[in-house]
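Have a look at the structure below before the remarks.
Values below: all heavy atoms of this structure, side chains included; hydrogens, waters and symmetry mates excluded. Order of the sequence lines sets the chain letters (A, B, ...), proteins ahead of strands, with each chain counted from 1.
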Protein chains: 2
Amino acid sequence: MSTNRVLMPFKEHGHSHKKCLISAMTMAEKTCCTRGVKLTKLRRRVLELVWSSHEPVKAYDILDKLRDEHSGSAPPTVYRALDFLRAEGMVHKIESLNAYVGCGEPEHSHIGQFLICRDCGAVAEMDDADVRELLAEKAGSLGFHIDRELIEIKGLCAACSTEHR
Amino acid sequence: MSTNRVLMPFKEHGHSHKKCLISAMTMAEKTCCTRGVKLTKLRRRVLELVWSSHEPVKAYDILDKLRDEHSGSAPPTVYRALDFLRAEGMVHKIESLNAYVGCGEPEHSHIGQFLICRDCGAVAEMDDADVRELLAEKAGSLGFHIDRELIEIKGLCAACSTEHR
DNA sequence: CAATTAATGTTATATTATAACATAACATAT
DNA sequence: ATATGTTATGTTATAATATAACATTAATTG
Ligand SMILES: [Zn+2]
Ligand SMILES: [Zn+2]
Ligand SMILES: [Zn+2]
Ligand SMILES: [Zn+2]
């Protein structure tokens, strides 16, 4: 199968995450610049906090950290930044967790298919055309026209499977 | 494709919903009886309220109705009943809406694939083996082992497509 | 620089869900 | 039948998630 585009793979548990963070921030700066939208200081900081790991991050955890840095932070502060970042495809919401993850490829917008490890909490993101086509076909057979799909899969990642042995 | 099991199809907009309700309640009584679990008066009433339409129902809307009937109702009243009904597979939660729908085939447990009409709000439920297999294969190619899938698809149902013309 | 727009600050509140403990209903075994 | 344990429900309080509404500040543009 050639269509299994992996927008963000599972990383080794011991990897140097700093590189992920730098890469994501660099990509975000570039993408915003290209689009002529503003990655303000606040939005940048929220994106950094979302990218603090490969695990989904809670809005109020972000808020707690923002408050440490600036007392004037409140729920709208973080939700507005998240709204902007989501609109620009830099962050996705994991609906089943009420939490947010950074996107591996914000430069072209897409709908992600998320794999969520029950053990380490890490999230990988796929964008698989076969899956989309099959779902479109199946839904189509019921006369349903798809606008948007939400796919969130829970299970065990390769690294955690190995560690369990 | 022969695997497209439809657990709950989209119904005609003008259909007599009473039959859906009676059928669902009958099935629930029978299933609970078979399993030796108790469909108490409260749980039955909550299930009826969930089945008041084919649209997902909010917990606090259920609570409002319960309160009309019995002043001692509180959030735990409805969430406990929903927990029971979900555990028995009679109700599913639509995570992207924080709302609950009745299941078309509670007698055997399953994971549903939900189609949600953006126009009329109705929900259909599929349980398609092809989709499950494809996702297992794609996830497997990343070394990921699936426990549970969450699939919620937004779009336009056949009836609403027709009405738009 | 004035006018406008975009972003952030601020206060309040809405929505969704759970914790913790008390009481009532039901089952079962003496 | 009654004591005992178990399940279900009642009750109060609070946690967790998210948005509304309006004020202020910063950035853009004519
Ligand atoms: Zn990393
Ligand atoms: Zn893992
Ligand atoms: Zn119906
Ligand atoms: Zn419809």
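- Contacts between residues 53-69 of chain B and DNA chain D, defined by a heavy-atom separation below 4.0 Å, involve no residue at all.
- When each of S73(A) and N98(B) is assigned the nucleotide of DNA chain C bearing its nearest heavy atom, the one mapping closer to the 5' terminus is S73(A).
- Residues passing the side chain to side chain contact (heavy atoms under 4.5 Å, CB included) test with D119(A), sequence neighbours excluded: C117(A), L156(A), C160(A), H164(A).
- Cluster annotation: L39(A) is connected to Y100(A) through the hydrophobic network of ILVMFWY side chains, with a link wherever side-chain heavy atoms come within less than 4.5 Å.
- Per the geometry, CG belonging to L39(B) stands 14 Å off P belonging to dC26(C), to the nearest Å.
- In terms of position on DNA chain D, the residue among P75(A) and P76(B) whose nearest nucleotide sits closer to the 5' end is P76(B).
- When every heavy atom of F144(A) is checked against every heavy atom of C157(B), the shortest pair comes out as CD1-CA, 3.7 Å.
- The stretch residues 86-96 of chain B has no heavy atom under 4.0 Å from DNA chain D, so no residue of it qualifies as close.
- Under the side-chain hydrogen bond (donor to acceptor under 3.5 Å, both in side chains) criterion, H70(B) pairs with no residue, sequence neighbours left out.
- Contact footprint of chain B on DNA chain D: nucleotides with an atom under 4.0 Å from a non-hydrogen protein atom, first to last in 5' to 3' order, dA8(D) to dT12(D).
- Scored by the side-chain hydrogen bond (donor to acceptor under 3.5 Å, both in side chains) test, K154(B) finds S96(B) as partners (sequence neighbours excluded).
- For NZ of K93(A), the number of neighbouring non-hydrogen atoms (other residues, nucleotides, ligands) closer than 6.0 Å is greater than 12.
- Residues that satisfy the side chain to side chain contact (heavy atoms under 4.5 Å, CB included) test with E55(A), not counting sequence neighbours, are S53(A).
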So which protein N/O to nucleotides 4-8 of chain C N/O distances come out below 3.5 Å?
| from | atom 1 | to | atom 2 | distance (Å) |
| --- | --- | --- | --- | --- |
| dA7(C) | OP1 | R43(A) | NH1 | 3.4 |
| dT8(C) | OP1 | T40(A) | OG1 | 2.6 |

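- Clustering of Ile, Leu, Val, Met, Phe, Trp and Tyr side chains at separations under 4.5 Å leaves L150(B) isolated, with no partner residue.
- Residues that satisfy the side chain to side chain contact (heavy atoms under 4.5 Å, CB included) test with H145(B), not counting sequence neighbours, are D147(B).
- Among residues two or more places apart in sequence or in another chain, the side-chain hydrogen bond (donor to acceptor under 3.5 Å, both in side chains) test is passed with S161(B) by none.
- Enclosure of atom CD in E12(A) is not indicated, since only 12 or fewer non-hydrogen atoms of other residues, nucleotides or ligands lie within 6.0 angstrom.
- Ring geometry, H108(A) versus H110(A): the interplanar angle falls from 30° to 60°, so the pair is classed tilted.
- The side-chain hydrogen bond (donor to acceptor under 3.5 Å, both in side chains) check on D127(A) picks up R132(A), with sequence neighbours excluded.
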